[in-house]
Amino acid sequence: EEGPGIDEAIWNTMQSTSGGAHNLILGLGNPDSVHDPLHRFCMKSRVDDIRISCYDYPNVVCDDPWLIPGATTKQWIADRIEDWGEGSNNYLRFVEGIAPDQADDALIQLAWCEAAAKRWGDKELREGPRALGVDVADSPTGDESAISRWQGACCTEVVSFRAEDASDVGRRVYREIKDQENPIDPKRVGIDSVGVGVSAINELKRLGVRVKHISGGMRAGPFLDVEAVPVKPEKGDEVRRRTTVVELGQFTNLRSQVYWRLREDLRLQRIALPDDPDLFRQLTAHTVRDLPTTGKKEVEAKDSVRAKLRRSPDKADAVAYGNWVRWRRIADDGHRTLQPKRDEY
């Protein structure tokens, strides 16, 4: 009962100990999202999944609230629509029996990702220099590495690949940076410097290239939102050249800040993404919460997301790093854009 609330380890234990041909597992509940254990169990090839909507209940079908006393009625459905709104996560979950695309506390919504994919061909978003975001793995058989390639505010592609080790990833990145036809400024290359990413960064240093280190566990820092739309000053106010937002102190660590910036850029329709369902699944799997003691925002830890997806969120990380180091246009008077100064990133 209530499959979404059962710990992943218990689901694994049930499945590993049900080896006989006569052993059956019945999972019940209302799925929290497409990422929860019940929904993933239902998607297995040997599982028959049955969805029971409240609209299928006998009291509703026969329009008789007393057919089964105390059970679901049309009035109950109408009350839930009034409380939650038709199409809301709770409505989908408890009325329709449908797994929502993302959890209630999801950092990024699937609709934002799909809208960003529709902007992929926008030439204006591709104005600007190239950038790379790199998530590093250190084994040819384990997790994959990933690279997101950017042109201006457009992520032109994100690819996963297997490399011999982290140093090999560093050499691949070096070749892209030094591409004679279309070189990349190393300051627009972001690599996670936690764990195996250090080896890739050190290999790049050995080759004479210094890239942006993104250490997720570090403290969040100041970030000027140079792309924010300027606010028209009221009469008598000092004219401001542009609107900036300093994010210092709002996040528990740099990883949370980097992912929140990606969230906002997607929500505000500032960037474009390739139409990649695997990437969207990884992005929407991340959750966020406000810590009760400090009020700071904390994005779900990578290990927790890995357990949910049963794989590393390599593409999502690569996109988040690329978005952090990409070129950003300065919003000025609404008619022209300027190249930001180096200290404005």
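Just the heavy atoms: all of them, side chains too, but no hydrogens, waters or symmetry mates, feed the values below. Along the sequence shown, the residues carry numbers beginning at 1.
- Without hydrogens or angle criteria, R130 side chain to N182 main chain gives a donor-acceptor distance under 3.5 Å.
- Distance alone, capped at 3.5 Å, places no donor-acceptor pair between the E203 side chain and the S199 backbone.
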* Going through the distances and angles, do I271 and L266 end up as a side chain to side chain contact (heavy atoms under 4.5 Å, CB included)? -> CA-CA 6 Å; I271 61 176; L266 285 168; 3.8 Å; yes
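- Between the side chain of Q151 and the backbone N or O of G128 there is at least one donor-acceptor pair closer than 3.5 Å.
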* Asked: Should W324 and L254 be marked as a side chain to side chain contact (heavy atoms under 4.5 Å, CB included) after you check the CA-CA gap, both sets of side-chain angles, and the distance that decides it?
  -> CA-CA 11 Å; W324 184 253; L254 183 60; 4.1 Å; yes
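- E144 places no side-chain N or O within donor-acceptor distance of the main-chain N or O of S160, the cut-off being under 3.5 Å.
- The side chain to side chain donor-acceptor pair (under 3.5 Å) contacts involving residues 32-42 comprise E8-R40, H35-T284, where partners must be two or more places apart or lie in separate chains.
- The side-chain tip of R126 points at the ring of W120 from less than 6.0 angstrom away and within 45° of straight on.
- In this structure a side-chain-to-backbone donor-acceptor pair under 3.5 Å is missing from D179 to I184.
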* **Test log, rule salt bridge (charged side-chain N to carboxylate O under 4.0 Å, His left out), inputs R281 and D278** => CA-CA 5 Å; R281 181 168 180 264; D278 185 35; 5.2 Å; no
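- Residues E300 and Y259 are not in side-chain contact: their nearest non-hydrogen atoms beyond the backbone lie 4.5 Å or more apart.
- In terms of modelled atom types and a separation under 3.5 Å, the side chain of N59 and the main chain of T73 share no donor-acceptor contact.
- More than 12 heavy atoms of other shown residues, nucleotides or ligands fall within 6.0 angstrom of atom CZ in R311.
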* To do: May I have the step-by-step check of side chain to side chain contact (heavy atoms under 4.5 Å, CB included) for R188 and W150, ending in yes or no?
  => CA-CA 10 Å; R188 302 197 189 284; W150 292 74; over 6 Å; no
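- Counting non-hydrogen atoms of other residues, nucleotides and ligands closer than 6.0 Å to CE of M43 gives a total above 12.
- Looking only at distances, a side-chain donor or acceptor of Q102 sits under 3.5 Å from a matching main-chain atom of L110.
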* To do: For salt bridge (charged side-chain N to carboxylate O under 4.0 Å, His left out), just list the numbers for E227 and R326, CA-CA rounded to whole Å, side-chain angles, deciding distance to a tenth of an Å, and then say yes or no.
  => CA-CA 12 Å; E227 290 182 320; R326 70 173 172 86; 3.1 Å; yes
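- The neighbour count for R267 CZ, taken as heavy atoms of other residues, nucleotides or ligands under 6.0 Å away, is above 12.
- Remark: the backbone N or O of V194 is not paired with any side-chain donor or acceptor of S215 at under 3.5 angstrom.
- K308 contributes a side-chain N or O that, together with a main-chain N or O of A285, makes up a donor-acceptor pair within less than 3.5 Å.
- R328 has no carboxylate O lying under 4.0 Å from a charged side-chain N of D225, or vice versa, which leaves the two without a salt bridge.
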